[in-house]
Amino acid sequence: MNRLVIATKNQGKVREIRDLLADRGTEIVSLAELDNDLEIVEDGDTFEQNAIKKARVTAERFACPALADDSGLEVDALNGRPGVYSARYGGAGLTDAMRSTRLLGELREVPPEQRTARFRCAMAFVEPQGQAHVFHGTLEGIIADRPAGSSGFGYDPIFVPRGFEQTLAQLGDSLKNEMSHRARALQSFLEWFDNSDNSDN
Ligand code: IMP
C-alpha cells in the first residue's frame, strides 16, 4: 500500500499510527494535512459505527484507502462512561487535563479495587466505494488516584495498565505502542491486510 489516509485530526493518534507503521514504507497522511475543514460528525452509538463512518467519508472524499480509529475509555464504576463520548466528556472546550480531572472527581469515593477500566479501539479500513473492515483492540487497567506523567494524550495520565504501577503517560510512547488498544487493533488490521489481495496495492 503506497498511501493511506488516517481519518483523524488527533495528532496523538496520528503519531502513534505513524510509529506503528513506520517500517512498512507506506506514506501516512492525516486528515489535518489534507483538509482541516472537513468535519465528520461522530453520531454513531458504537466505536465501530463511528470508525466506519470516518473511514468511509474520508476514502470517498480523497479517492484513497482510509483508516479510522474510534476509541475511548470505559470506566466500570461509571457504567462504561465516558465510552463513545470520551473526546467530548464534560462538554466542548475542555482540555484533556480538565476531562481527566472531572473523571477523577466522579471516582473520588471509589476504592482501588473498583476502579477498573479499559480503553477500546475500533479500527475501520475502507477503500473508495469499498466494503468496510473493522478490527478491535482493548487495554485493561485501572484509573489512578491522580494524574501522573506527561507523554501520550487524552486520559493517559490517569490510566494504569494491568500489570503495571505507572500511568501510560509515565510509561512512555514506546511501551504504550507495544500494548495499547490502538496497537492491537492495528496489528489485527495488518495481519488481515497482509493476507488479503489488497496487499498488492
Ligand atoms: P475519538 O475516537 O476521536 O472519538 O476520540 C477518542 C477519545 O478517547 C480521545 O480524545 C481521548 O480522550 C480518548 N482516548 C482514545 N485513545 C486514547 C489513548 O490511547 N490514550 C488516552 N486517551 C485516549
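Residue numbers start at 1 and run along the sequence shown. As the structure lists them, so they are numbered: ligands from 1, and atoms in each ligand from 1.
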Below 4.0 Å from any atom of ligand 1, is there a heavy atom belonging to Asp156?
-> yes
Are Arg24 and Asp194 within salt-bridge range, i.e. N to O under 4.0 Å?
-> yes
Residue portion contacting ligand 1 (non-hydrogen atoms closer than 4.0 Å) for Arg99 = neither
Please state whether the rings of Phe119 and His181 are parallel, tilted or perpendicular, taking 30° and 60° as the class boundaries.
-> parallel
Using non-hydrogen atoms of the residue, decide whether Lys13 is closer than 4.0 angstrom to ligand 1.
-> yes
Before accepting this row, confirm whether a basic side-chain N of the pair Lys53/Glu42 lies closer than 4.0 Å to the acidic partner's carboxylate O.
-> no
Indicate yes or no: does an N/O atom of Arg182 lie under 3.5 Å from an N/O atom of ligand 1?
-> yes
Note: Arg120-Glu48 ion pair, threshold 4.0 Å (strictly below) | no
Looking at atom 6 (C) of ligand 1, what's its closest protein heavy atom, distance included?
-> Ser71 O, 2.9 Å
Determine, using heavy atoms of Lys54 and all atoms of ligand 1, whether some pair is separated by less than 4.0 Å.
-> yes
So is there a nitrogen or oxygen of Glu16 less than 3.5 Å from a nitrogen or oxygen in ligand 1?
-> no
To the nearest 0.1 Å, how far is atom 5 (O) of ligand 1 from its closest protein heavy atom, and which atom is that?
-> Ala87 CB, 3.5 Å
Top protein contact for atom 19 (O) of ligand 1, by heavy-atom distance | Lys176 NZ, 2.7 Å
Can a non-hydrogen atom of Gly72 be found less than 4.0 Å from any atom of ligand 1?
-> yes
Which other residues end up in the same hydrophobic cluster as Ile52, if Ile, Leu, Val, Met, Phe, Trp and Tyr are linked when side-chain heavy atoms come under 4.5 Å apart?
-> Val134
Residue pairs meeting salt bridge (charged side-chain N to carboxylate O under 4.0 Å, His left out), one or both in residues 76-99, sequence neighbours left out, come to Asp76-Arg118, Arg81-Glu106
